[in-house]
Amino acid sequence: MTNEIRAIFNRIAPVYDQLNDWLSLGQHRIWKEMAVKWSNAQPGDTCLDLCCGSGDLALRLARRVGLTGQVYGVDFSPNLLETAKERSRWQYPQRAITWVEADVLNLPFGDNQFDAATMGYGLRNVKDIPRSLKELHRVLKPGAKAAILDFHRPSNQQFRDFQQWYLDNFVVPLATNLGVKEEYAYISPSLDRFPIGREQVELARQAGFTSVTHYPIANGMMGVLVVSKF
Ligand SMILES: C/C(=C\Cc1cc(O)c2ccccc2c1O)CCC[C@H](C)CCC[C@H](C)CCCC(C)C
Ligand SMILES: C[S@@+](CC[C@H](N)C(=O)[O-])C[C@H]1O[C@@H](n2cnc3c(N)ncnc32)[C@H](O)[C@@H]1O
């Protein structure tokens, strides 16, 4: 399972950023900015971006923490990490971003290290969600926050139908034209298996987070789980 997921993301690396822009009409940038804001990262902080992929959230965190801060981006896809490294070289050559190839279920960091964290479209893809949340809890400093952005199934039936129609009629056909049909067809079943907002809240509480809120965004088609460690 882990190897299959890694293979999916390695294969889509060449088209990943372009397809996110096209298929969300640029909206994913706004959703990611919301997650960074809700993580409460501050200038000078040491931040973590889990499942960083091509680096979108990590680069946004880097902008927020400034020259005195530090950002660590963790992912197990070497191909997406290569894109992230290239982007950071030309976008932020003087900022401290460390790209780490690792499994987020076994983070190579000690306890209580990070002031803030983000995870974009990663939680749905890990093979053990409770363990992933426990690892996140372990590495955050007491008082730190994390924001976890992912797809969500709207409770409103019309938006739910629209989301499914959009995935079936725009996302998969466009991906098919670019030779990555199976990879994008994986989004819908992975979303069916993914816990909805209130279930995510319960899992985060069980992982040790005390303050936990799930915010549906984009008419419930996406969601941000905001967690605090006390
Ligand atoms: C950045 C986004 C998704 C990242 C992403 C996550 C995955 O788990 C994948 C799995 C397999 C292949 C690719 C991905 C993947 O790219 C979110 C935006 C990209 C979406 C493809 C667009 C989805 C659009 C919404 C369903 C509806 C948007 C309505 C409106 C047009 C804004
Ligand atoms: C959909 S991408 C999201 C990338 C980026 N965060 C974004 O928002 O564009 C999901 C990422 O999660 C990574 N991933 C999934 N499971 C992982 C795991 N167990 N450990 C590390 N990375 C993982 C994949 O390699 C992929 O880069």
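One-based numbering, in listed order, for ligands and for the atoms of each.
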- Task: Identify, by atom number and element, the atoms of ligand 1 in contact range of S24, meaning under 4.0 Å from any of its heavy atoms.
- Result: 18 (C), 32 (C)
- Query: Heavy atoms, side chains only, cut-off 4.5 Å: are F76 and T2 in contact?
  - Reply: yes
- Item | Per-atom contacts of ligand 1 with L25, taking only distances under 4.0 Å to non-hydrogen atoms | 31 (C)
- Which of the ligand 2 atoms, numbered from 1, are nearer than 4.0 Å to a heavy atom of G120: 3 (C), 4 (C), 5 (C), 6 (N), 7 (C), 8 (O)
- Message: In the structure I gave you, are the side-chain heavy atoms of L133 and I148 within less than 4.5 Å of one another anywhere?
- Response: yes
- Test of proximity, L80 against ligand 2: N or O pairs below 3.5 Å: no
- Message: So for atom CZ, which belongs to R193, do other residues, nucleotides or ligands contribute more than 12 heavy atoms lying within a distance under 6.0 Å?
- Response: yes
- Message: Consider ring-ring contact (aromatic ring centres under 6.0 Å, His included). Of Y121, F194, Y186, which one does F151 pass it with?
- Response: Y121
- Take atom 9 (C) of ligand 1 and look for protein heavy atoms under 4.0 Å from it; say yes if you find one, no if not. yes
- Is the closest N or O pair between N20 and ligand 1 shorter than 3.5 Å? yes
- Ranked by distance from atom 20 (N) of ligand 2, the top protein heavy atom is V104 N, 2.9 Å
- Chi angles and distances behind the salt bridge (Lys or Arg N to Asp or Glu O under 4.0 Å) call for D21, R29: CA-CA 8 Å; D21 270 339; R29 294 163 182 246; 2.9 Å; yes
- Note on the structure: Note: ligand 1 atoms sitting under 4.0 Å from heavy atoms of I187 are 9 (C), 10 (C), 11 (C), 13 (C), 14 (C)
- Hey, does Q158 have a side-chain heavy atom less than 4.5 Å from the side chain of D161? no
- Query: Side-chain contact, heavy-atom cut-off 4.5 Å: K141 with Q113?
  - Reply: no
- Message: Determine whether R124 and S190 satisfy the following criterion, side chain to side chain donor-acceptor pair (under 3.5 Å), listing intermediate values before the conclusion.
- Response: CA-CA 7 Å; R124 186 173 30 87; S190 74; 2.8 Å; yes
- Message: How far is atom 25 (O) of ligand 2 from the closest protein heavy atom, and which atom is that?
- Response: D75 OD1, 2.6 Å
- Query: Would a line drawn from the ring center of F114 to the ring center of F109 be shorter than 6.0 Å?
  - Reply: yes
- Task: Report yes if some N/O of E183 lies less than 3.5 Å from some N/O of ligand 1; otherwise report no.
- Result: no
- Task: Could you tell me if any non-hydrogen atom of K32 lies under 4.0 Å from any atom of ligand 2?
- Result: yes
- Message: For atom 19 (N) of ligand 2, what's the nearest protein heavy-atom neighbour? Residue, atom name and distance, please.
- Response: D103 OD1, 2.9 Å
- Has ligand 2 got any nitrogen or oxygen that is less than 3.5 angstrom from a nitrogen or oxygen of G122? no
- Message: Under 4.0 Å, heavy-atom basis, I'd like to know which part of L19 is in contact with ligand 1: side chain, backbone, both or neither.
- Response: neither
- Item | Inter-residue atom distance I97.CD1 - R89.CZ, 0.5 Å rounding | 11.5 Å
- Is the shortest distance from a Lys or Arg side-chain nitrogen in D45 or R64 to a carboxylate oxygen in the other one below 4.0 Å? no
- Message: Quick check: do R87 and L59 have side-chain heavy atoms less than 4.5 Å from each other?
- Response: yes
- Short list, please: which atoms of ligand 1 are under 4.0 Å from a heavy atom of I12? 12 (C), 13 (C)
- Message: Suppose we call two aromatic rings close when their centres sit under 6.0 Å apart. Are W99 and Y72 close by that rule?
- Response: no
- Task: Check ligand 2 against S77 and write out every atom of the ligand that is under 4.0 Å from a heavy-atom position of the residue.
- Result: 25 (O)
- Message: Please list, in number order, the atoms of ligand 1 under 4.0 Å from a heavy atom of Y184.
- Response: 12 (C), 13 (C), 16 (O)
- Query: Under the 3.5 angstrom rule, does the side chain of H152 hit a backbone N or O of G197 as a donor-acceptor pair?
  - Reply: yes
- Message: Regarding atom 20 (C) of ligand 1: of the candidates Y166, F151, F170, which has the closest heavy atom?
- Response: F151
- Query: Can you list the atoms of ligand 2 that are under 4.0 Å from a heavy atom of Y121?
  - Reply: 1 (C), 2 (S), 3 (C), 8 (O), 10 (C)
- Query: Any idea which atoms of ligand 2 are less than 4.0 Å away from a heavy-atom of G53?
  - Reply: 4 (C), 27 (O)
- Query: Taking only heavy atoms of F9, which atoms of ligand 1 are found under 4.0 Å from at least one of them?
  - Reply: 9 (C), 10 (C)
- Message: Suppose we measure from atom 7 (C) of ligand 1 to each protein heavy atom; which comes out shortest, and what is that distance?
- Response: R124 NH2, 3.4 Å
- Query: Quick one: are I217 and M34 in side-chain contact, heavy atoms under 4.5 Å?
  - Reply: yes
- Task: Tell me which protein heavy atom sits closest to atom 16 (N) of ligand 2, plus the residue, atom name and distance to 0.1 Å.
- Result: F76 CZ, 3.3 Å
- Structural part of V180 in contact with ligand 1, heavy atom criterion under 4.0 angstrom: neither
- Query: For ligand 2, is there an N or O atom under 3.5 Å from any N or O atom of L50?
  - Reply: no
- Query: For ligand 2, is S132 a contact, meaning one of its heavy atoms is under 4.0 Å away?
  - Reply: no
- Query: What protein heavy atom sits nearest atom 26 (C) of ligand 1, and how far away is it?
  - Reply: Q163 CG, 3.9 Å
- Note on the structure: Here the pair of heavy atoms bringing S132 nearest to L123 is OG-CD1, 3.8 Å
- Query: Among all protein non-hydrogen atoms, which one is nearest to atom 12 (O) of ligand 2, and what is the separation to 0.1 Å?
  - Reply: C51 CB, 3.2 Å
- Task: Return the residue, atom name and 0.1 Å-rounded distance of the protein heavy atom closest to atom 7 (C) of ligand 2.
- Result: Y16 OH, 3.3 Å
- Item | For Q27, atoms of ligand 1 separated by under 4.0 Å from a heavy atom | 32 (C)
- Can you tell me how far the CG atom of L136 sits from the CG atom of L105, to the nearest 0.5 Å? 11.5 Å
- Classify the ring geometry between Y166 and F170 as parallel (under 30°), tilted (30 to 60°) or perpendicular (over 60°). parallel
- What are the atoms of ligand 2, with element, lying closer than 4.0 Å to any heavy atom of A102? 20 (N), 21 (C)
- Sidechain N-carboxylate O distance under 4.0 Å for D115, K145: no
- Message: Within ligand 1, which atoms have a heavy atom of Y186 less than 4.0 Å away?
- Response: 10 (C), 11 (C)
- Message: Against ligand 1, does Y16 come closer than 4.0 Å with any heavy atom?
- Response: yes
- Query: For H28 and ligand 1, does the shortest N/O to N/O distance drop below 3.5 Å?
  - Reply: no
